[in-house]
Student: 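Submitted below is the structure of interest, expressed as structure tokens.
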There are 2 protein chains.
Amino acid sequence: MDSIEPKRTLVEQVYDILLDAICSGELCPGERLNQDEIATRLNVSRQPVNSAISILKANNFVRDTGRRGVVVTEVDMEQYSSIYEFRSVVEPFATRLAADRIGDDAGPEAQAILREGRAAIKARDIKRLLAADVRFHETIYRWSGNHVIEASMRANWPHMLRSMAEVLRDPASAQQSWDDHQLIMDALLTGNADAASTAMERHIGLAMEKTRKVLTPNGKEPVLHGAFSRGK
Amino acid sequence: MDSIEPKRTLVEQVYDILLDAICSGELCPGERLNQDEIATRLNVSRQPVNSAISILKANNFVRDTGRRGVVVTEVDMEQYSSIYEFRSVVEPFATRLAADRIGDDAGPEAQAILREGRAAIKARDIKRLLAADVRFHETIYRWSGNHVIEASMRANWPHMLRSMAEVLRDPASAQQSWDDHQLIMDALLTGNADAASTAMERHIGLAMEKTRKVLTPNGKEPVLHGAFSRGK
DNA sequence: ATTCGGTATTTCGTATACGAAATTCTTATT
DNA sequence: AATAAGAATTTCGTATACGAAATACCGAAT
């Protein structure tokens with residue numbers, strides 16, 4: 001559907017790989033990125049790695065330390081709060097727009113998304129569940145017809161993924177989440193903008209609350225289970 | 001106020017220069033960026049230029065053409081609509097948050113901002129007026145205490161600047177705009193969240209309408225007066 | 001004159017090279 | 001043994017080099 005782009009440069013590929021590593025927790029918050037090591041591991045020169053890190057830095061996924069190199073940006077509870085606060089307004093708005101602008105052919109896609117989400121729950125596959133969650137929300141952004149919403153949220157998803165894995169460890173939360181998704185889709189497909197928007201608002205509110213609970217079990221700073229495997 | 005960052009790399013400096021050139025219209029939409037030429041002009045090697053362009057590409061300020069190099073991304077009316085649609089929700093929300101979280105010491109800063117805006121109108125200095133406008137809105141983002149709002153909007157301002165210069169050419173529009181700003185600040189300083197938010201919503205709505213009128217004088221695609229000077 | 005084919009040139013992406021700053025290691029001194 | 005100075009090493013930012021792809025140029029054939 002999009003225009004062809006047969007050439008992905010090494011810079012872009014390295015960027016995607018590093019961002020994915022950050023999101024998945026393979027690279028932990030605070031951990032330093034070593035250009036030589038990354039270059040060697042990926043079998044490229046340091047040049048594209050350096051460029052990719054520049055982009056990560058511009059987008060706040062890594063930060064300068066003052067010393068040598070950059071480290072993965074720590075995400076504190078305040079940032080999670082900000083993201084959810086932001087989503088609590090943007091997501092219902094996107095949903096409202098989507099209800100107005102959705103095409104007649106959206107039914108099958110909605111069904112496929114919901115089916116995949118439930119399948120991921122059944123399979124107890126967190127990665128798959130995360131992907132399904134992202135797909136659900138990004139589809140609504142697309143239906144909203146507003147590319148700026150899509151772009152703005154894209155900047156936040158990587159951060160959110162870091163916390164969502166924690167929340168979705170609890171099967172009940174995952175189930176609740178996809179019940180919400182079902183409700184939202186139903187309202188969208190019947191063109192009920194108010195109901196869809198309200199359901200989305202509630203959904204984000206619940207997610208925010210669960211995130212807060214999971215990440216601050218004793219009122220402390222967030223704890224992220226970043227299992228970080230580094231093969232020789 | 002921010003943490004010290006004594007080292008700005010060449011990549012970051014080049015990025016800022018190029019972004020500014022794009023925003024100011026010195027580099028026109030559709031125009032190609034020549035790495036060698038930019039490097040020569042800025043007295044740096046092609047390497048930091050190449051990296052800076054990678055960042056610009058990731059942030060959608062330039063795009064690949066399929067042929068050689070990148071061009072400045074064209075901004076069509078649909079994108080302007082999307083931005084203003086987005087702002088119509090985010091700005092009132094930021095204003096509401098700001099009303100709740102604003103400090104007691106905000107008065108002098110508000111006065112300074114409003115004074116500077118009126119001074120820029122009097123001086124008929126468009127660049128100065130744009131800077132004042134950005135400062136007004138960014139201050140509210142800051143007061144909102146939500147860094148995600150700030151970051152999301154930062155991605156959109158460069159695009160908006162391209163159109164705002166056109167709108168603010170009309171002194172009446174500029175005057176109207178700063179009357180709005182005054183109203184919003186007054187409501188904020190008296191802690192009237194509803195009034196501030198409503199005033200902001202109206203302000204964005206008016207700006208959107210004016211932008212549409214200025215950019216599509218005869219229902220066509222937007223016309224940007226990019227005077228682009230290229231000295232030897 | 002126009003068009004086609006081939007050669008020269010431009011220009012990009014990536015690799016490699018190099019100097020500087022920071023870190024680590026070593027060793028001498030107390 | 002602890003510490004401080006300085007040498008060795010790491011590692012980054014940036015410059016330069018190089019190959020490949022795209023573009024421009026140019027002459028021959030129609």
Side-chain angles (χ1 to χ4, degrees), chain A residues 3-19 21-22 26-73 228 230 232, chain B residues 3-19 21-22 26-73 228 230 232:
Chain A
S3 65
I4 54 164
E5 26 177 334
K7 306 177 211 166
R8 298 192 43 72
T9 65
L10 287 187
V11 174
E12 289 161 342
Q13 293 179 52
V14 171
Y15 176 82
D16 287 344
I17 289 172
L18 290 179
L19 183 54
I22 291 172
E26 194 183 343
L27 289 168
C28 294
E31 182 179 354
R32 176 143 156 264
L33 272 65
N34 183 314
Q35 298 187 354
D36 271 315
E37 187 187 329
I38 294 168
T40 304
R41 184 116 54 110
L42 301 182
N43 268 313
V44 298
S45 78
R46 244 188 57 233
Q47 152 68 18
V49 175
N50 185 288
S51 280
I53 287 180
S54 291
I55 302 175
L56 288 171
K57 197 180 351 174
N59 292 345
N60 204 34
F61 293 116
V62 301
R63 65 176 175 83
D64 267 319
T65 57
R67 1 179 72 88
R68 211 156 33 178
V70 299
V71 298
V72 176
T73 306
F228 135 152
R230 164 149 304 173
K232 160 64 180 300
Chain B
S3 66
I4 56 164
E5 25 178 337
K7 306 176 208 167
R8 298 196 40 75
T9 66
L10 287 187
V11 174
E12 289 162 341
Q13 293 180 52
V14 171
Y15 176 83
D16 287 344
I17 290 172
L18 290 179
L19 183 55
I22 291 173
E26 194 184 342
L27 288 169
C28 294
E31 180 178 355
R32 178 145 154 261
L33 272 65
N34 182 312
Q35 298 187 353
D36 271 317
E37 186 187 331
I38 294 168
T40 304
R41 183 115 56 111
L42 301 181
N43 268 312
V44 298
S45 79
R46 244 188 56 233
Q47 152 69 16
V49 174
N50 185 287
S51 279
I53 287 179
S54 290
I55 303 175
L56 288 171
K57 199 186 338 178
N59 292 345
N60 204 34
F61 293 116
V62 301
R63 65 175 175 81
D64 267 320
T65 58
R67 3 180 73 90
R68 208 154 39 173
V70 299
V71 298
V72 177
T73 305
F228 138 140
R230 164 151 304 176
K232 157 62 180 303

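Reminder, nothing fancy here: chain letters follow the sequence lines and each chain counts from 1.
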Student: Could you give me the CA-CA distance, side-chain angles and deciding distance for A/Arg67 and A/Arg32, then say whether side chain to side chain contact (heavy atoms under 4.5 Å, CB included) is met?
Tutor: CA-CA 11 Å; A/Arg67 1 179 72 88; A/Arg32 176 143 156 264; over 6 Å; no

Student: Quick one: list whatever passes side-chain hydrogen bond (donor to acceptor under 3.5 Å, both in side chains) with B/Asp64, sequence neighbours left out.
Tutor: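 So B/Asp64 forms a side-chain hydrogen bond (donor to acceptor under 3.5 Å, both in side chains) with B/Lys57.
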
Student: Enumerate the protein-to-nucleotides 7-10 of chain D contacts in which both atoms are nitrogen or oxygen and the separation is below 3.5 Å.
Tutor:
| residue | atom | partner | partner atom | Å |
| --- | --- | --- | --- | --- |
| D/dT10 | O2 | A/Arg68 | NH1 | 2.4 |

Student: The criterion is side-chain hydrogen bond (donor to acceptor under 3.5 Å, both in side chains); which residues satisfy it with A/Ser51, sequence neighbours excluded?
Tutor: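 With neighbours one apart ignored, the set is B/Ser51.
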
Student: Sequence neighbours left out, what passes salt bridge (Lys or Arg N to Asp or Glu O under 4.0 Å) with A/Arg68? Give chain and number order.
Tutor: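 So A/Arg68 forms no salt bridge (Lys or Arg N to Asp or Glu O under 4.0 Å) with any residue.
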
Student: Tell me, please, which residues at least two apart from B/Asp36 pass salt bridge (Lys or Arg N to Asp or Glu O under 4.0 Å).
Tutor: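 With neighbours one apart ignored, the set is empty.
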
Student: From CG of B/Asp36 over to P of C/dC12, roughly how many Å is that when rounded to an integer?
Tutor: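 Between P of C/dC12 and CG of B/Asp36: 6 Å.
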
Student: How is A/Leu33 classified with respect to the nucleic acid when contacts are heavy atoms under 4.0 Å: base, sugar-phosphate, or nothing?
Tutor: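 Sugar-phosphate: the residue A/Leu33, judged by heavy atoms under 4.0 Å, touches backbone atoms but no base.
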
Student: Going by the rule side-chain contact (heavy atoms from CB on, under 4.5 Å), which residues pair with B/Ala58 if we only count those two or more places apart in sequence or in a different chain?
Tutor: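 Listed in chain order: A/Ile55.
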
Student: One character per nucleotide, please: for nucleotides 13-18 of chain D, 5' to 3', B when the base has a protein heavy atom closer than 4.0 Å, S when only the sugar-phosphate does, - otherwise.
Tutor: BBBB--

Student: Give me each pair satisfying ring pair (Phe, Tyr, Trp, His ring centres under 6.0 Å) with a member in residues 40-59 of chain B, each pair once, sequence neighbours excluded.
Tutor: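 Sorted result for residues 40-59 of chain B: empty, none.
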
Student: Is there any ring pair (Phe, Tyr, Trp, His ring centres under 6.0 Å) pair reaching into residues 37-62 of chain B, and which pairs are they, with sequence neighbours excluded?
Tutor: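 Every pair satisfying ring pair (Phe, Tyr, Trp, His ring centres under 6.0 Å) with a residue in residues 37-62 of chain B: B/Phe61-B/His159.
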
